[in-house]
J.: 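Here it is: the structure, laid out below.
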Amino acid sequence: MHIFDSVQKTKRKFTPLKEGKVTLYVCGPTVYDNAHLGHAKSALVFDLLARVLEANGYEVTYARNITDIDDKIIKKALEQKKDIKTVTDFYTEAFHTEMEAIGVKRPTLEPKATQSLEAMIDLIQKLIDKGHAYTTPDNDVYFDTTSDSRYLTLSHRNQNEEEKQERVVSSHHKKNHADFALWKNVKDETIAFDSPFGAGRPGWHLECSAMIEKHLAYSDTPFAIDIHGGGADLLFPHHENEAAQTRCATNHELANYWIHNGFVTIDGEKMSKSLGNSFFLKDALKEYDGEVLRFYLLSTHYRSNFNFNTQDLEASKKRLDKLYRLKKRLFGVTPCSDETAFKKALLDALNDDMNVSLSLALIDEMINSTNETLDTPGKHKLLKREAVANLAYIEELLGFGVKNPFEYFQFGINEATKERIETRIKQRNIAKKAKDFSLADKIRDEILSLGVHLMDTPQGTFWEKV
RNA sequence: GGUGCCAUCGCCAAGUGGUAAGGCCGCAGCCUGCAAAGCUGCUAUCCCCAGUUCAAAUCUGGGUGGCACCUCCA
């Protein structure tokens, strides 16, 4: 298996720190608002990574945090006149529901900031003791970036002279412009936690380092964990700062491999809450099956930027439809248990830095050749069983085709309409038998106006939402 | 301004030194009462210029265009 390490900027062969095991940490959401398509993309990418690692036989411990301490959360709670916890619980649950809808499995661990305060305080104390952190006159605790000789080696930045001069002037008691808060002393009555440094709140970058130490870190390897992931915008300053805290406090580097996914854009511009062009997952789920969104968002390489538009989404849906039609065609067939050439090729493609595009090409070729054979006379028993096994593998690895194929094609149709369609189909079949094709066509047109296609097959008449 | 990424058929998108995968759309055909679905066939020399090489979409240099990070951000 090879993955592209965004710190070394090269595709590297993956070798775990401990034989047969993988520790993976991904930066999760700050729960103050609904998840947009960008959050979905990131969750999807690392869900796929975890699946591929597991398919390679690794025992994967995957942690994705939930940031439930944050200024934006406090702001939201004040606006809505609600408790912090009411707000964070609401959005955490929404996140879970929406992730489930797009087939993202729950990570092994989902640590929350509010449950990790002790670990964060420990980490700050270590940094203070070792001279990497200092307290300001305002009683904030800051990380001293100049105390870390390897600072900026992760994101490959350099501090230019101009910036260095400017920062002395503009800083609020910070020694250096790049220094960041580990603990913010509370200056209002909103929310505060006790600590040896006074009542306050932890800085955002801290929680990931603390959670990794608490839940995942090895103590006898040069790196705390195997893989750290997140969106490309987190490389700097978030991951740079995490890495600095961890190496300075613990004497090991944070992660052996770093993976960053590309952005979801709209009209070529990054989707973000601050730009106000977010497309919320919950809204997309009203229009489209979650699996269609999964397929679409995962259909291009994870490191590329992904320009969202509904035309491409529709094209993706048609591609997924083909998979489900084959599934429908093979409904009830027992899979064979043998290895198939297809399965091997599919895993090989995904093992190459998650080459989903190549996997999709392989899947389409498999679907086409299976359909082709099925169109010729004969029972094709073995081929059918192999094809079903292949489809099951696609489900397991990529999470495509997990639904009942008949239900998949009925997305968004209510029960009353379903009954009406079934009744009309029966009437139409009577008309067909009587060779009254004008009535049959009239009924078909009527059903088509509901957005439903009829398909006459030797096994009977089926229907699908267009 | 600093740093980095990207540019392949109408659209989406693999390939990163050996002569252009796949999907959508379109056209022609098979099948079908007619459709739908399925199947078959057809459609690019890779932003521009120069260079390296027996050989480049793939490497180097220079352009042009787009995007991102440097502030909260998946």
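To find a chain, count down the sequence lines: A is the first, B the second, and so on, and within it residues start at 1. Keep in mind it's a predicted model, so treat the numbers as computed, not measured.
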J.: In whole Å, what is the span from the CD1 atom of A/I73 to the P atom of B/C72?
T.: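 To the nearest whole Å, that distance equals 16 Å.
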J.: With hydrogens left out and only the distance checked, is there a donor-acceptor pair under 3.5 Å joining A/D441's side chain and the base of B/G33?
T.: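 Answer yes: a donor N or O sits under 3.5 Å from an acceptor.
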J.: Any luck finding a side-chain donor-acceptor pair between A/S155 and A/E240 under 3.5 Å?
T.: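 Their side chains do contain a donor-acceptor pair, which is all the 3.5 Å distance test asks for.
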J.: Rounded to whole Å, how long is the line connecting atom CZ of A/F308 with atom P of B/C67?
T.: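 The distance from CZ of A/F308 to P of B/C67 comes to 19 Å, rounded to the nearest Å.
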J.: Looking across every strand, which nucleic acid part, if any, lies under 4.0 Å from A/R303 by heavy atom: base, sugar-phosphate, or nothing?
T.: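 No contact at all - A/R303 keeps every heavy atom at 4.0 Å or more from the nucleic acid.
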J.: Does A/V356 reach a base, just sugar-phosphate, or nothing at all? Heavy atoms under 4.0 Å.
T.: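 The residue A/V356 makes no contact with any strand.
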J.: Nearest whole angstrom, please: distance from the P of B/C73 to the NE2 of A/H239.
T.: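 Going from NE2 in A/H239 over to P in B/C73 covers 10 Å.
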J.: May I ask you to say what A/F263 touches in the nucleic acid, namely base, sugar-phosphate or nothing, with a heavy-atom cut-off under 4.0 Å?
T.: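 The residue A/F263 makes base contact.
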J.: Please give, in whole Å, the distance from B/A14 P to A/D364 CG?
T.: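 In whole Å, B/A14 P and A/D364 CG are 14 Å from each other.
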J.: On the side chain of A/K270, is there an atom forming a donor-acceptor pair with the base of B/C67 - under 3.5 Å, no angle test?
T.: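 It does not, because no donor-acceptor pair links the side chain of A/K270 to the base of B/C67 below 3.5 Å.
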J.: Identify whether any heavy atom of A/G38 sits under 4.0 Å from a base atom; if not, whether one sits that close to sugar-phosphate; answer base, sugar-phosphate or nothing.
T.: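 Here A/G38 touches the bases of the nucleic acid.
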J.: Under a 3.5 Å cut-off for both distances, is B/U60 Watson-Crick or wobble paired, and to whom?
T.: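 Here B/U60 is engaged in a pair, and the nucleotide opposite it is B/A50.
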J.: Using the C1' atom as the point on both nucleotides, what is the distance between B/G23 and B/C9, in whole Å?
T.: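 The answer is 13 Å between these two C1' atoms.
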J.: Without decimals, in angstroms, what is the distance between A/L152 CG and B/G2 P?
T.: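 So the two atoms are 17 Å apart, to the nearest Å.
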J.: Knowing that exactly one of A/F263, A/Y288, A/Y296 qualifies, which makes a ring-ring contact (aromatic ring centres under 6.0 Å, His included) with A/F308?
T.: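 Result for ring-ring contact (aromatic ring centres under 6.0 Å, His included) with A/F308: A/Y296.
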J.: With a 4.0 Å cut-off on heavy atoms, is A/N309 in touch with a base, just the backbone sugar-phosphate, or nothing at all?
T.: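 If one applies the 4.0 Å heavy-atom cut-off, A/N309 turns out to touch nothing in the nucleic acid.
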J.: Measure all distances between protein nitrogen or oxygen atoms and nitrogen or oxygen atoms of nucleotides 41-45 of chain B, and list the pairs falling under 3.5 Å.
T.:
none

J.: Going by purine N1 to pyrimidine N3 plus the second Watson-Crick contact, or the G-U wobble pair, all under 3.5 Å, which nucleotide sits opposite B/G29?
T.: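 Because both required distances fall under 3.5 Å, B/G29 counts as paired with B/C39.
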J.: Classify A/H260 by what it touches in the nucleic acid, base, sugar-phosphate, or nothing, heavy-atom distance under 4.0 Å.
T.: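 Since no nucleic acid heavy atom lies under 4.0 Å of A/H260, the category is nothing.
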J.: Taking B/A20 as the reference, what is the distance to B/A28 when you measure between their P atoms (whole Å, please)?
T.: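 One P to the other, the span is 28 Å.
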J.: Between A/D68 and A/A113 (side chain of the first, backbone of the second, donor and acceptor by atom type, cut-off under 3.5 Å), is there such a pair?
T.: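 Checked: pair present.
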J.: Between B/C5 atom C1' and A/L235 atom CG, what is the distance in whole Å?
T.: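 After rounding, the gap between these two atoms is 12 Å.
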J.: Taking the six-membered ring of A/F462 (Phe, Tyr or Trp), confirm whether the NZ or CZ of A/K328 is under 6.0 Å from its centre and within 45° of its axis.
T.: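 That pair qualifies as a cation-pi contact.
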J.: Base, sugar-phosphate or nothing for A/D456? Non-hydrogen atoms, less than 4.0 Å.
T.: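 Base contact - A/D456 has a heavy atom under 4.0 Å of at least one base atom.
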J.: Scan A/L234 against the nucleic acid and name what it touches under 4.0 Å (heavy atoms): base, sugar-phosphate only, or nothing.
T.: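 Result for A/L234 = sugar-phosphate.
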J.: Does any N or O donor sit under 3.5 Å from an N or O acceptor when you compare the side chain of A/R444 with the base of B/A35?
T.: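 A donor-acceptor contact between them is present.
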J.: For A/A361, answer base if it contacts any base atom (sugar-phosphate contacts may also be present), sugar-phosphate if it contacts only those atoms, and nothing otherwise; contact means non-hydrogen atoms under 4.0 Å.
T.: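 Base contact.
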J.: What's the gap between B/G15 and B/U45 when it is taken at their C1' atoms, as a whole Å value?
T.: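 Their C1' atoms lie roughly 14 Å apart.
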J.: By the 4.0 Å heavy-atom rule, please label A/E365 as base, sugar-phosphate, or nothing.
T.: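 Sugar-phosphate: the residue A/E365, judged by heavy atoms under 4.0 Å, touches backbone atoms but no base.
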J.: Using both distances under 3.5 Å as the test, list the Watson-Crick or G-U wobble partner of B/G65, or none.
T.: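 In the structure as shown, B/G65 has B/C6 as its Watson-Crick or wobble partner.
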J.: Mind checking if A/R64 touches a base, just sugar-phosphate, or nothing, with heavy atoms under 4.0 Å?
T.: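 Nothing: the residue A/R64, judged by heavy atoms under 4.0 Å, touches no strand.
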J.: May I have the distance from A/Q311 (atom CD) to B/C12 (atom P), rounded to whole angstrom?
T.: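 In whole Å, B/C12 P and A/Q311 CD are 11 Å from each other.
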J.: Classify A/F236 by what it touches in the nucleic acid, base, sugar-phosphate, or nothing, heavy-atom distance under 4.0 Å.
T.: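 Contact class for A/F236: sugar-phosphate only.
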J.: Is A/K9 touching bases, backbone alone, or none of the nucleic acid, heavy atoms closer than 4.0 Å?
T.: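 Sugar-phosphate contact only.
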J.: For A/D233 and B/U3, give me the distance from atom CG to atom P, rounded to whole Å.
T.: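 Distance check: A/D233 CG to B/U3 P gives 21 Å.
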J.: Can you check the distance between B/A57 and B/U8, where both ends of the measurement are the P atom (answer in whole Å)?
T.: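 B/A57 and B/U8 have their P atoms separated by 15 Å.
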